[in-house]
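Notes to accompany the following structure.
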Amino acid sequence: MNALLRWIGRALAWGLLGATASPLGAQPWAPGQEPASPKRPAPLAEARALERLRRDDPGPDLRRRYLQAAHALLQRYWNTRELPRLLLAGDAAQGCGAGVVREPMAYYCPQSLEIAMALDLGRSLRSARGKPPRELLLLELAVLAHEWGHHVNREQGRGPYGGGLGLTVRQEELAADWRTGMLFGWLLREGVLDVDAYTQTANLMFELGDYERITPQHHGYPKDRFAALSQGMATQLSAGQQLGSWSVDTSETFSQPLPGELQRYAVRRFEIDRGNQIATNLIGGLLGAASCIWGSQQQCLGMALEQGKGRAEGTYTSRILTLDCASGRFDVSGDDFGPQPISRDGKGQAAVLAARDCPRMPGLGSRPGIQ
């Protein structure tokens with residue numbers, strides 16, 4: 001029984017069972033008649049109250065109260081026809097074979113319309129360890145928004161991830177991440193969250209991808225899932241939009257001019273460091289080869305399944321970007337490169353800033369929307 005519960009916990013983490021337990025492509029209405037997100041007053045008052053709860057409430061049982069308020073907000077935000085039941089650790093579950101919600105579980109069950117939230121994020125994520133529970137509430141919101149994303153996918157479609165010949169777990173998971181990004185983009189746009197709060201939470205969210213590429217339950221690499229999140233966020237924001245003192249440059253970069261200085265900016269840039277991933281995979285490959293030569297068939301298969309799972313590290317870095325409008329070059333502090341042509345910025349941020357602040361530079365125009 002304990003082994004069965006452990007298997008269910010792994011399978012249900014991040015909505016896996018909710019994504020595979022039923023043919024989610026089936027809809028209860030005729031093709032072409034699916035409900036679009038209707039025009040309605042945005043639930044800003046509820047969103048602001050939720051953020052005040054996170055920042056200022058000293059009362060007991062904060063996580064439970066925060067998740068319940070967030071659950072109600074998400075129903076108002078998406079305006080779904082049905083309201084799933086929110087389950088926390090210890091609650092009885094009616095569908096998908098779970099029985100009782102136990103850690104570590106987070107899933108959406110479409111048959112019983114239940115969303116379970118029983119992940120100890122402070123223990124399960126390396127970068128979250130040691131952080132007080134209050135600091136992880138926005139990440140709890142992201143996990144809940146992801147599970148809600150499965151429910152909204154079922155009612156309203158999967159957006160850019162709905163194509164193809166057949167639904168895969170990866171498509172469903174990325175579509176839920178995309179909807180999570182839409183929520184966070186809206187919270188940023190309306191000033192409910194600031195850039196600092198978003199980037200700190202996004203750093204933690206990058207760890208939530210998996211590397212089970214050769215299994216049918218592959219949810220998407222962390223980079224894939226972060227790209228889906230950013231794509232969703234970009235539907236709510238536009239290049240050049242002001243978020244407090246920060247400006248949106250691209251879907252993965254923000255900037256603010258340094259006071260009293262020309263063409264120098266404090267910037268946030270999402271960057272991926274693959275150094276540890278490469279080293280881990282290299283060592284794993286050597287050990288795997290040794291297992292296949294000298295070990296048993298089971299050991300060889302086990303090591304093969306572990307190949308390619310070394311984790312990259314993704315984070316929003318805080319740097320200084322300097323433009324040289326006369327030479328058409330830029331430089332970012334703290335990286336491994338010297339000044340480079342503006343066109344060489346893989347993030348596209350330098351080109352956006354130059355188009356705005358170097359008006360006489362040839363070949364640089366404004367960039368519509370977030371790239």
Side-chain angles (χ1 to χ4, degrees), residues 1-22 24 46 49-78 80 82-152 154 172-173 176 180 183 201 204-205 207-208 210 217 219:
M1 178 61 69
N2 288 337
L4 176 61
L5 289 174
R6 285 196 298 271
W7 180 87
I8 292 174
R10 288 194 299 269
L12 293 179
W14 273 89
L16 178 55
L17 187 55
T20 59
S22 69
L24 296 184
E46 293 95 323
L50 182 68
E51 179 61 3
R52 286 194 300 271
L53 181 68
R54 180 184 76 87
R55 290 187 287 103
D56 304 329
D57 193 299
D61 208 8
L62 177 61
R63 178 181 182 271
R64 177 187 60 80
R65 291 185 292 117
Y66 181 85
L67 287 175
Q68 289 174 341
H71 188 63
L73 170 68
L74 282 158
Q75 200 276 333
R76 282 264 289 131
Y77 177 74
W78 290 114
T80 58
E82 299 172 305
L83 175 63
R85 190 163 68 102
L86 177 64
L87 306 177
L88 303 179
D91 289 342
Q94 297 178 356
C96 294
V100 176
V101 176
R102 306 178 189 276
E103 295 182 355
M105 286 184 176
Y107 66 88
Y108 166 65
C109 182
Q111 294 96 328
S112 58
L113 287 178
E114 294 173 321
I115 290 177
M117 286 289 295
L119 290 179
D120 187 344
L121 295 171
R123 295 178 58 186
S124 58
L125 294 181
R126 176 183 53 79
S127 57
R129 290 171 190 163
K131 293 184 180 294
R134 181 184 294 274
E135 291 188 19
L136 299 177
L137 286 179
L138 277 181
L139 187 57
E140 296 269 14
L141 175 61
V143 176
L144 180 61
H146 173 93
E147 301 307 338
W148 257 93
H150 290 305
H151 180 61
V152 181
R154 189 168 177 259
E172 172 64 25
E173 296 300 324
T180 303
L183 175 76
T201 302
L204 297 174
M205 291 170 66
E207 284 195 47
L208 294 172
D210 71 76
Q217 310 303 348
H219 283 35

**With sequence neighbours excluded, residues passing salt bridge (charged side-chain N to carboxylate O under 4.0 Å, His left out) with E51** = R54, R55
**Request:** Go through the steps to decide whether M105 and L119 satisfy the test side-chain contact (heavy atoms from CB on, under 4.5 Å), and finish with yes or no.
**Result:** CA-CA 6 Å; M105 286 184 176; L119 290 179; 5.7 Å; no
**Prompt:** Which heavy atom in L87 sits nearest to a heavy atom in A92, and how many Å separate them?
**Reply:** CD2-O, 3.9 Å
**Prompt:** Looking at CG of L183 and CG of L141, how far apart are the two atoms once the value is rounded to the nearest 0.5 Å?
**Reply:** 5.5 Å
**Side-chain heavy atoms of M117 within contact of V143, under 4.5 Å** = yes
**Asked** salt bridge (charged side-chain N to carboxylate O under 4.0 Å, His left out) with R85: which residues, sequence neighbours excluded?
**Response** E114
**Request:** Would you please name every residue forming a side chain to side chain contact (heavy atoms under 4.5 Å, CB included) with A69, sequence neighbours left out?
**Result:** L50, L53
**Request:** Please report the C-alpha distance between W148 and H71 in whole Å, then the side-chain angles of each, then the deciding distance to 0.1 Å, and finally whether the side chain to side chain donor-acceptor pair (under 3.5 Å) criterion is met.
**Result:** CA-CA 8 Å; W148 257 93; H71 188 63; 2.9 Å; yes
**Prompt:** What are the two closest heavy atoms between C109 and G95, and how far apart are they?
**Reply:** SG-C, 3.6 Å
**Complete:** CG of L121 to CG of L139, rounded to nearest 0.5 Å, is 4.5 Å
**Request:** Report yes or no: does E82 contribute a side-chain atom to a donor-acceptor pair with the main-chain N or O of L113 at less than 3.5 Å?
**Result:** no
**Prompt:** In chain order, what residues pass the salt bridge (charged side-chain N to carboxylate O under 4.0 Å, His left out) check against R65, with sequence neighbours excluded?
**Reply:** D57
**Item:** Residues that D56 engages under side-chain hydrogen bond (donor to acceptor under 3.5 Å, both in side chains), provided they are two or more places apart
**Value:** none
**Message:** So which atom in A142 and which in T180 form the shortest heavy-atom distance, rounded to 0.1 Å?
**Reply:** O-CG2, 3.8 Å
**Request:** Indicate yes or no: at least one non-hydrogen side-chain atom of L137 is less than 4.5 angstrom from one of L62.
**Result:** yes
**Between H146 and E173: side-chain donor-acceptor atoms closer than 3.5 Å** = yes
**Asked** Between H151 and P110, is any pair of side-chain heavy atoms under 4.5 Å apart?
**Response** no
**Prompt:** Rounded to the nearest 0.5 Å, how far apart are CZ of R76 and CG of L74?
**Reply:** 12.0 Å
**Message:** Once rounded to the nearest 0.5 Å, what's the spacing between atom CD of E172 and atom OH of Y108?
**Reply:** 9.0 Å
**Message:** Which residues pass the side-chain hydrogen bond (donor to acceptor under 3.5 Å, both in side chains) test with Q68, not counting sequence neighbours?
**Reply:** R64
**Asked** Would you say L88 and R63 make side-chain contact, with heavy atoms under 4.5 Å?
**Response** yes
**Message:** I need the D91 CG to L86 CG distance, nearest 0.5 Å.
**Reply:** 8.0 Å
**Request:** Mind checking the OH-CG spacing from Y66 to L136? Nearest 0.5 Å is all I need.
**Result:** 11.0 Å
